[in-house]
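Here is the structure we will look at, set down as structure tokens.
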2 protein chains.
Amino acid sequence: MTATQELTKNQSLVFNALARADGPLSAYTILDQLRNDGFRAPLQVYRALDKLLDYGMIHRLESINAFVACAHPHSHSHGHGMIAFAICEKCGQVSEFSDDIITGRVREWTNSNGFKQSKTTIEIRGVCANCGTA
Amino acid sequence: MTATQELTKNQSLVFNALARADGPLSAYTILDQLRNDGFRAPLQVYRALDKLLDYGMIHRLESINAFVACAHPHSHSHGHGMIAFAICEKCGQVSEFSDDIITGRVREWTNSNGFKQSKTTIEIRGVCANCGTA
DNA sequence: TTCGATATGTGATGTTATTACATTTGTCAA
DNA sequence: TTGACAAATGTAATAACATCACATATCGAA
């Protein structure tokens with residue numbers, strides 16, 4: 001699964017809601033936005049989110065219980081390598097980046113400690129350049 | 001604030017619950033453990049947790065909504081530097097480490113992007129050495 | 001001692017996520 | 001074509017996590 005058009009109806013609705021948002025959305029915010037499209041229950045959102053996470057099309061921000069569309073869907077640096085998120089606590093904007101050195105250092109620790117990593121979360125909370133100068 | 005004996009009654013109870021646990025605890029698990037000590041409401045736990053987080057005596061694990069006592073309370077590497085957590089999804093054990101190179105790379109990104117970081121979360125989910133070989 | 005800051009007690013409520021079960025839709029082979 | 005299985009969907013109820021609002025108590029410093 002790589003392309004948007006292969007998504008099911010609910011998956012497309014949820015993905016599009018995230019894609020058109022300018023920042024992360026909570027599951028219940030997505031639910032509210034999709035009421036007119038027939039959504040009635042949280043599970044309709046959560047099931048779609050689970051699949052979209054599987055497909056790598058969206059990310060979950062653990063520190064704020066919210067979801068964002070992947071900013072670099074065509075980048076090969078994703079899939080390998082860990083992704084870090086800088087989350088502005090003023091405006092909600094999220095910047096996504098990956099860093100091979102960080103990825104390498106984490107892998108060194110896991111290797112030397114026999115830890116099989118499945119998913120790694122790196123989230124930087126703070127104030128972005130725009131909000132900091134304003 | 002650095003020493004345990006300066007904590008208030010509720011803060012001590014919550015901290016001791018975390019200190020004697022062999023892994024992370026949720027706020028509601030702590031509440032249940034402290035019913036016999038007079039705890040009745042979630043807020044009693046959350047307020048103590050907030051202070052203990054301020055004091056740097058405990059950590060919050062964002063990816064599992066749980067809390068742990070700091071593993072290296074006397075280390076000067078804490079306070080500066082970011083702390084990473086490796087969380088075993090089998091046994092729940094948490095390993096805590098810090099890495100100056102990771103800290104440096106994150107700071108490089110935030111500096112060159114004008115991002116004022118306040119708190120950074122690094123959490124590695126997976127299976128620890130013990131559980132992986134078993 | 002009185003004032004302000006901090007801590008505590010308690011009920012209600014808000015927010016996030018899952019369980020359980022019924023039904024529908026899509027796919028594929030016989 | 002059909003029957004059978006997998007995947008997706010619909011819905012209600014409930015569980016798990018967190019905060020608000022307001023009252024009361026405790027402690028230290030002026």
Side-chain angles (χ1 to χ4, degrees), chain A residues 1 3-18 21 23-55 57-68 87 89 92 119 121 123 125, chain B residues 1 3-18 21 23-55 57-68 87 89 92 119 121 123 125:
Chain A
M1 165 67 64
T4 301
Q5 67 270 22
E6 301 180 27
L7 297 176
T8 67
K9 176 165 161 280
N10 284 3
Q11 288 161 17
S12 294
L13 287 166
V14 169
F15 179 74
N16 289 334
L18 285 171
L25 300 179
S26 77
Y28 279 76
T29 301
I30 295 170
L31 174 58
D32 286 340
Q33 291 192 4
L34 298 181
R35 296 264 181 212
N36 294 335
D37 297 291
F39 273 48
R40 312 287 308 277
L43 206 48
Q44 295 175 292
V45 176
Y46 281 109
R47 284 200 278 229
L49 289 170
D50 282 346
K51 286 297 181 182
L52 295 169
L53 287 168
D54 275 353
Y55 302 156
M57 299 176 66
I58 66 171
H59 303 291
R60 178 192 170 83
L61 302 176
E62 308 280 2
S63 66
I64 58 172
N65 297 320
F67 303 84
V68 281
I87 304 167
E89 293 176 324
K119 201 217 168 195
T121 296
E123 294 176 18
R125 310 286 302 275
Chain B
M1 165 66 65
T4 300
Q5 68 271 21
E6 302 179 27
L7 297 177
T8 66
K9 176 164 161 278
N10 285 2
Q11 288 161 16
S12 294
L13 287 166
V14 168
F15 179 74
N16 290 335
L18 285 172
L25 300 179
S26 78
Y28 278 77
T29 301
I30 295 170
L31 174 58
D32 286 340
Q33 291 190 4
L34 297 181
R35 296 261 183 214
N36 294 335
D37 296 291
F39 272 48
R40 312 288 308 278
L43 207 48
Q44 294 175 294
V45 177
Y46 281 109
R47 285 200 277 228
L49 289 171
D50 281 347
K51 286 296 181 184
L52 295 169
L53 287 168
D54 274 354
Y55 302 156
M57 299 177 66
I58 66 172
H59 303 290
R60 178 191 172 85
L61 302 175
E62 307 279 3
S63 65
I64 59 173
N65 296 321
F67 303 83
V68 282
I87 304 167
E89 292 175 324
K119 201 217 169 196
T121 297
E123 294 177 19
R125 309 286 301 275

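Note that the structure is predicted; figures quoted are calculated from it, not measured. Residue numbering restarts at 1 for every chain, and letters A, B, ... go by the order of the sequence lines.
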Interface residues of residues 30-39 of chain B with DNA chain C (non-hydrogen, below 4.0 angstrom)
none

Quick one: closest heavy-atom pair of P24(A) and L61(A), and the distance?
CB-CD1, 3.8 Å

Could you tell me which non-hydrogen atom of L31(B) sits nearest to which non-hydrogen atom of A41(B), and how far apart they are?
CD1-O, 3.8 Å

Show the numbers, then the answer: is there a side chain to side chain contact (heavy atoms under 4.5 Å, CB included) between L49(A) and I30(A)?
CA-CA 10 Å; L49(A) 289 170; I30(A) 295 170; 4.2 Å; yes

For nucleotides 15-21 of chain C, give me one character per nucleotide, 5' to 3': B if any protein heavy atom sits under 4.0 Å from the base, S if the only such contacts are to the sugar-phosphate, - if neither.
-BBBBB-

Test of understanding: with salt bridge (charged side-chain N to carboxylate O under 4.0 Å, His left out), list the residues that count as partners of E62(B), not counting sequence neighbours.
R60(B), K119(B)

Applying salt bridge (charged side-chain N to carboxylate O under 4.0 Å, His left out) to K9(B) and not counting sequence neighbours gives none

Residues E123(A) and S63(A): side-chain donor-acceptor under 3.5 angstrom:
yes

Quick one: are [X] and [Y] in side-chain contact, heavy atoms under 4.5 Å?
| X | Y | answer |
| --- | --- | --- |
| V68(B) | I58(B) | no |
| N10(A) | F39(A) | yes |
| M57(B) | L7(B) | yes |

Is it the case that atom CG in D54(A) sees more than 12 heavy atoms from other parts of the structure closer than 6.0 Å?
yes

All side-chain contact (heavy atoms from CB on, under 4.5 Å) counterparts of A21(A), not counting sequence neighbours:
L25(A)

Span of DNA chain D engaged by chain B, first through last nucleotide within the 4.0 Å heavy-atom cut-off, is dC17(D) to dA21(D)

Summary of salt bridge (charged side-chain N to carboxylate O under 4.0 Å, His left out) pairs that have at least one residue in residues 33-47 of chain B, sequence neighbours excluded
D32(B)-R35(B)

Any T8(B) side-chain N or O less than 4.0 Å from OP1/OP2 of dT8(C)
yes

Please give, in whole Å, the distance from dT23(C) C1' to R40(A) CZ?
16 Å

So what is the end-to-end bend of the helix from dT1(C)-dA30(D) to dA30(C)-dT1(D), with 5 pairs used at each end and the value given to 10 degrees?
20°

What do the steps show when you test R125(B) against I64(B) for side chain to side chain contact (heavy atoms under 4.5 Å, CB included), and what is the final call?
CA-CA 10 Å; R125(B) 309 286 301 275; I64(B) 59 173; 3.7 Å; yes

